Chemist: 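One structure, pasted below without further comment.
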Amino acid sequence: MGAVPDGVGGPVEHGFVHLRAVRAAIGALYGRMSGDGVRAYATSLPPAGVAFSDADDLHLGAQRVARALVRHLRLPDARMVVGFRAMEHAASVELTAGPEYFIELNDRFRTRRRDVGAALAHEITHVLLHRLGLELPGTRDNEILTDTVATYLGAGWLLLDAFREDAVSSQKLGYLTPEEFGYVLALRAEAFGEDPSPWFTSPQGYAAYTRGRARAEQDARCPPLTVAGRAGRLRYAADRHRARTRPRPPAPGAAYAFGAGADGELGVSFPCPTCCRRVRVPVRGRVRARCGLCGTVLECDT
């Protein structure tokens, strides 16, 4: 059973505390689906596809939103049966062999219909991952994988838009922090040339997206990429000199790492800005590399 936590009323965790797991999840997604498979989701689910007003019939509307998510996530054979009940979590899904999947939503969504799509996005992504056979060890990492995949494949922006926070109340769906949702959404926006800004109805969700986008832009300017800024290039040059004269293990969390290859030649590894898998290139000055996982061409100055 997959379940999305019901973060209502309590304190909301902020920042980039799960970023290593998020990057691993993006790499796992590309590894399972391939670059071409992921690029088949280049267009996000539009807001109109999951619009759900108080005037709509509760159960028919929930079924309609579920079908829209099924179509977007390319699950044509999956029929979702959606019900409502009092429960601890925001939603849950029974993962079986199909062809029907049973999703239960927290009773509070009876009167918070604008967030039904967010809860369903997480649960239906569980179904997609179940069918793909894509799973990470441990409940925490597997749920982070679900949120990350939902967002990277164009449905999880709904989870970020469901985030609301003020002085007296809060709501957050999913396991990622708001900023981490924004980070993944920004990576997707850069990869597919999208601008999700107009979709947000939550000011807090949009603010978290901008913070996540700033972090993603910072990562995309990491040396040895040629777009790195002057300060980064100077730091990289000093680290390269030390690697040649006094080799030592990279610092924990370092974006790039130097090391000798099998032929003894110094090389540098760094995360691909698209799929987050590490790419290794020789230290030879200007180098053009292609990520072996997602196919992104990377201009480097090593």
Side-chain angles (χ1 to χ4, degrees), residues 16 19 22-51 68-69 71-75 117-118 121 124-125 128 145 147-163 174 176 178-203 205-229 255 270-279 288-300:
F16 299 96
L19 211 51
V22 166
R23 291 167 177 156
I26 294 173
L29 173 65
Y30 272 93
R32 182 64 183 87
M33 295 188 69
S34 80
D36 287 341
V38 174
R39 284 187 284 273
Y41 295 82
T43 301
S44 286
L45 178 67
V50 290
L69 283 156
R71 287 193 299 269
H72 176 76
L73 292 174
R74 297 174 177 264
L75 286 167
I124 295 174
T125 301
L128 172 66
L145 171 69
D147 282 340
T148 302
V149 169
T151 305
Y152 205 93
L153 295 185
W157 66 267
L158 292 161
L159 286 153
L160 181 53
D161 195 41
F163 166 56
L176 301 185
E179 291 77 15
E180 289 165 347
F181 274 117
Y183 177 85
V184 180
L185 191 56
L187 292 181
R188 174 188 165 78
E190 177 63 26
F192 301 123
E194 281 190 332
D195 178 13
S197 301
W199 305 336
F200 286 100
T201 62
S202 164
Y206 176 73
Y209 166 63
T210 63
R211 293 191 291 271
R213 182 178 62 193
R215 179 59 185 265
E217 291 171 348
Q218 175 186 324
D219 287 353
R221 295 192 298 268
C222 174
L225 297 171
T226 56
V227 293
F270 59 96
C272 170
T274 299
C275 69
C276 300
R277 283 285 181 92
R278 295 192 76 83
V279 177
R288 172 177 287 183
R290 181 184 295 273
C291 176
L293 184 59
C294 68
T296 301
V297 176
L298 306 167
E299 299 287 346
C300 308

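Just so you know, these numbers come straight off a predicted model, no measurement behind them. No hydrogens, no waters, no symmetry mates; every other heavy atom, side chains included, goes into these values. Positions are given from 1, in the same order as the sequence printed here.
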Chemist: Give me the atom names and distance for the closest heavy-atom approach of Cys275 to Ile26.
Modeler: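 Of all heavy-atom pairs spanning Cys275 and Ile26, the closest is O-CG2, 3.5 Å.
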
Chemist: Would you check if the side chain of Trp157 reaches a backbone N or O of Leu45 as a donor-acceptor pair within less than 3.5 Å?
Modeler: yes

Chemist: Identify the two heavy atoms, one from Cys222 and one from Ala228, that lie closest to each other, and give their separation to 0.1 Å.
Modeler: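 Looks like C-CB, 4.1 Å.
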
Chemist: Kindly indicate whether the side chain of Pro271, heavy atoms from C-beta on, has any atom under 4.5 Å from the side chain of Arg23.
Modeler: no

Chemist: Less than 4.5 Å apart, side chain to side chain, heavy atoms only: is that true for Tyr183 and Leu176?
Modeler: no

Chemist: Would you say the side chain of Thr210 lies within less than 4.5 Å of the side chain of Arg213, judging by non-hydrogen atoms?
Modeler: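 Yes - at least one pair of side-chain heavy atoms lies under 4.5 Å apart.
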
Chemist: Say whether, by atom type as modelled, one donor and one acceptor occur between the side chain of Tyr209 and the main chain of Ala186 under 3.5 angstrom.
Modeler: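 Looks like no, no N/O pair under 3.5 Å.
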
Chemist: So do the side chains of Thr151 and Leu160 get within less than 4.5 Å of each other, counting heavy atoms only?
Modeler: no

Chemist: Could you check if a side-chain atom of Leu187 sits within less than 4.5 angstrom of a side-chain atom of Cys276, using non-hydrogen atoms only?
Modeler: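 The answer is yes; the side chains approach within 4.5 Å.
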
Chemist: OG1 of Thr201 to OH of Tyr206: how many Å apart, nearest 0.5 Å?
Modeler: 13.5 Å

Chemist: Which heavy-atom pair separates Leu69 from Ala121 by the least distance, and what is that distance?
Modeler: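 Taking every non-hydrogen atom into account, CD1-N, 3.7 Å.
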
Chemist: Is the distance between the ring centroids of Tyr30 and Tyr152 under 6.0 Å?
Modeler: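 Here the rings of Tyr30 and Tyr152 have centres that are less than 6.0 Å from each other.
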
Chemist: Rounded to the nearest 0.5 Å, how far does OH of Tyr41 lie from CZ of Arg188?
Modeler: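 Spacing of CZ (Arg188) from OH (Tyr41) equals 10.5 Å.
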
Chemist: When you measure from the side chain of Asp161 to the backbone of Ser202, do you find a donor-acceptor pair of N or O atoms at a distance under 3.5 Å?
Modeler: yes

Chemist: How close do Val279 and Cys272 get, heavy atom to heavy atom, and via which atoms?
Modeler: CG2-CB, 3.9 Å

Chemist: With the side chain counted from C-beta on, respond yes when Leu29 and Leu153 share a heavy-atom pair under 4.5 Å apart, and no when they do not.
Modeler: yes

Chemist: Counting only N and O atoms by type, is there a donor-acceptor contact under 3.5 Å from the side chain of Glu180 to the main-chain atoms of Val22?
Modeler: no

Chemist: Are any of the side-chain heavy atoms of Val38 and Phe192 separated by less than 4.5 Å?
Modeler: yes

Chemist: For atom CD of Glu194, decide whether the heavy atoms of other residues, nucleotides or ligands shown that lie under 6.0 angstrom number more than 12.
Modeler: yes

Chemist: Say you draw a straight line from CZ of Phe16 to CG of Asp219; how long is it, rounded to the nearest 0.5 Å?
Modeler: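 Here the interatomic distance stands at 9.0 Å.
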
Chemist: Between Gly174 and Leu159, which heavy-atom pair has the shortest distance, and what is it?
Modeler: N-CD2, 4.4 Å

Chemist: Determine yes or no for a side-chain-to-main-chain donor-acceptor pair under 3.5 angstrom, with Arg39 supplying the side chain and Cys294 the backbone.
Modeler: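 Pair found, side chain donor or acceptor close to backbone of Cys294.
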
Chemist: Side-chain donor-acceptor pair under 3.5 Å between Asp36 and Ser34, yes or no?
Modeler: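 No.
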
Chemist: So, do Leu298 and Pro273 sit near enough that their side-chain heavy atoms are less than 4.5 Å apart?
Modeler: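 Result yes, sub-4.5 Å side-chain heavy-atom pair found.
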
Chemist: Test your reading of the model: is there a side-chain donor-acceptor pair from Arg221 to the backbone of Val227, 3.5 Å cut-off?
Modeler: no

Chemist: Measuring from atom CZ of Phe200 to atom CG of Leu158, what distance do you get when rounded to the nearest 0.5 angstrom?
Modeler: 9.5 Å

